[in-house]
Q: 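Quick one: the structure is below, and I'll ask about it shortly.
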Amino acid sequence: MFTHKPTLTGERVILRPVTVDDVPGLAAMLADPEGGRLTGTHATFTDDQLRAWYATRGEQTDRLDLAIVDRETGSYAGEVVLNDLDEMNLACGFRISLGPAARGRGLGTEATRLIVAYAIEKVGLHRVELEVYAFNPRAQAVYERVGFVREGVRRDALCWDGRWVDAITMSILSTEWRR
């Protein structure tokens, strides 16, 4: 379902297929402690691992990895991903990660709207779902503004700095998007 790798253009961002040229931006984003906390990323990666990862994203038909490019600066601002594709049920997962310079500027909201519109209107998916950690109310508010609905809580889903954190599950359905 994700054979085609589109470029989606908004007022503030361009979403385009990731390339190995994006690795410096990805590495900087992954090195940011706050970004790691917000995404629950404990792992560290070498540049070679990141290059190998981004080099193969265009071949994947069960996921879509797009770079978020800040239209104002032309720089890599983060990534959006549609993954965990369930073709039988027309559903997939969604995740987004932004670098420090991109946060709080509306880029994530616009990127989320663009990728959800693509998933529902162009790909024909019925359900897009995500998880967001309880210590990230800003992201929760963005998802709600876009139309995601809170479904439940995965209790103590992440151990961060010795503390347990809940993961909130949210989704948006095609019938809700069209409203």
Side-chain angles (χ1 to χ4, degrees), residues 1-41 43-85 92-125 128-133 136-148 170 172 177:
M1 289 190 108
F2 295 128
T3 304
H4 176 66
K5 309 300 183 186
T7 296
L8 309 173
T9 304
E11 290 179 21
R12 297 177 179 186
V13 298
I14 297 171
L15 307 182
R16 58 150 176 81
V18 297
T19 70
V20 293
D21 293 338
D22 295 317
V23 167
L26 175 62
M29 186 175 67
L30 289 170
D32 172 48
E34 181 65 1
R37 185 180 79 84
L38 294 174
T39 60
T41 304
T44 57
F45 304 93
T46 67
D47 281 355
D48 286 343
Q49 289 171 315
L50 297 178
R51 271 192 290 284
W53 178 254
Y54 266 9
T56 61
R57 298 305 85 202
E59 303 163 10
Q60 309 303 312
T61 59
D62 63 342
R63 61 182 289 136
L64 177 62
D65 297 75
L66 299 178
I68 302 169
V69 177
D70 182 342
R71 288 191 70 177
E72 184 178 307
T73 65
S75 61
Y76 177 96
E79 66 177 11
V80 290
V81 178
L82 297 176
N83 59 6
D84 298 328
L85 179 64
C92 74
F94 165 74
R95 68 177 176 78
I96 183 170
S97 184
L98 296 172
R103 293 186 201 124
R105 299 178 41 221
L107 304 181
T109 302
E110 185 177 74
T112 300
R113 280 194 180 109
L114 286 169
I115 197 71
V116 169
Y118 178 78
I120 292 172
E121 296 171 12
K122 302 295 185 196
V123 178
L125 295 179
V128 178
E129 59 192 32
L130 62 84
E131 285 188 355
V132 59
Y133 294 112
N136 194 351
R138 241 173 54 194
Q140 293 171 50
V142 165
Y143 301 141
E144 288 172 355
R145 262 195 315 277
V146 171
F148 282 84
M170 302 178 82
I172 186 166
W177 178 255

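Not measured: the values here are computed from a predicted model.
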Q: Please report the shortest heavy-atom distance between H4 and L64, naming the atom on each side.
A: O-CD1, 4.2 Å

Q: Any side-chain heavy atom of F148 sitting closer than 4.5 Å to one from V128?
A: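 Heavy-atom side-chain distance check passes, below 4.5 Å.
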
Q: Applying side-chain contact (heavy atoms from CB on, under 4.5 Å), run through I68 and V80 and close with a yes or a no.
A: CA-CA 7 Å; I68 302 169; V80 290; 3.7 Å; yes

Q: Given L30 and L50, is the side-chain contact (heavy atoms from CB on, under 4.5 Å) satisfied, shown in steps?
A: CA-CA 10 Å; L30 289 170; L50 297 178; 3.6 Å; yes

Q: For F2, run the side chain to side chain contact (heavy atoms under 4.5 Å, CB included) check against L82, T61, D62 and tell me which one passes.
A: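 When L82, T61, D62 are each tested with F2, the side chain to side chain contact (heavy atoms under 4.5 Å, CB included) holds only for L82.
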
Q: Taking all non-hydrogen atoms of both residues, which atom of T44 and which atom of Q49 are closest, and how far apart?
A: O-OE1, 4.1 Å

Q: Please find the pair of heavy atoms, one from L15 and one from A111, that lie closest to each other, and give the distance.
A: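 Residues L15 and A111, closest heavy atoms: CD1-O, 3.7 Å.
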
Q: When you measure from the side chain of E110 to the backbone of E11, do you find a donor-acceptor pair of N or O atoms at a distance under 3.5 Å?
A: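 Yes.
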
Q: Compare all side-chain heavy atoms of I96 with those of L130 and state whether any distance is below 4.5 angstrom.
A: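 Heavy-atom side-chain distance check fails, nothing below 4.5 Å.
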
Q: State the OG1-CG distance between T112 and L107, to the nearest 0.5 angstrom.
A: 10.5 Å

Q: May I ask you to test the R105-L98 pair for a side-chain heavy-atom distance under 4.5 Å?
A: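 They are not in side-chain contact.
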
Q: Could you tell me whether the side chain of W177 reaches within less than 4.5 Å of the side chain of V146, counting heavy atoms only?
A: yes

Q: Is there side-chain contact between P6 and K122, with heavy atoms separated by less than 4.5 Å?
A: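 P6 vs K122: side chains apart.
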
Q: Does E34 pair with R37 as a salt bridge, N-O distance under 4.0 Å?
A: yes

Q: Output yes when a side-chain donor or acceptor of K5 lies under 3.5 Å from a complementary backbone atom of V18, and no otherwise.
A: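 Not a single qualifying donor-acceptor pair exists.
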
Q: Sequence neighbours left out, what pairs pass side chain to side chain donor-acceptor pair (under 3.5 Å) with at least one residue falling in residues 17-28?
A: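 Every side chain to side chain donor-acceptor pair (under 3.5 Å) pair that includes a residue of residues 17-28, provided the two are not neighbours, is R16-D22.
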
Q: Tell me if a side-chain donor or acceptor on R71 pairs with a main-chain N or O of G10 at a distance below 3.5 Å.
A: yes

Q: Using side-chain heavy atoms (C-beta onward) and a distance below 4.5 Å, is P17 in contact with L66?
A: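 Yes - at least one pair of side-chain heavy atoms lies under 4.5 Å apart.
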
Q: Rounded to the nearest 0.5 Å, what separation is found between the OG1 atom of T109 and the CZ atom of R12?
A: 8.0 Å

Q: Decide yes or no for L38 and R138: does some side-chain heavy atom of the first lie under 4.5 Å from some side-chain heavy atom of the second?
A: no

Q: Tell me, please, which residues at least two apart from R103 pass salt bridge (Lys or Arg N to Asp or Glu O under 4.0 Å).
A: D32

Q: Which atom pair, heavy atoms only, marks the closest approach of E79 to M29?
A: CG-CE, 4.2 Å

Q: Are the side chains of R57 and W53 in touch, meaning some heavy atoms are under 4.5 Å apart?
A: yes

Q: Do the ring planes of Y143 and F94 sit parallel (below 30°), tilted (30 to 60°) or perpendicular (above 60°)?
A: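 Ring orientation of Y143 relative to F94: perpendicular.
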
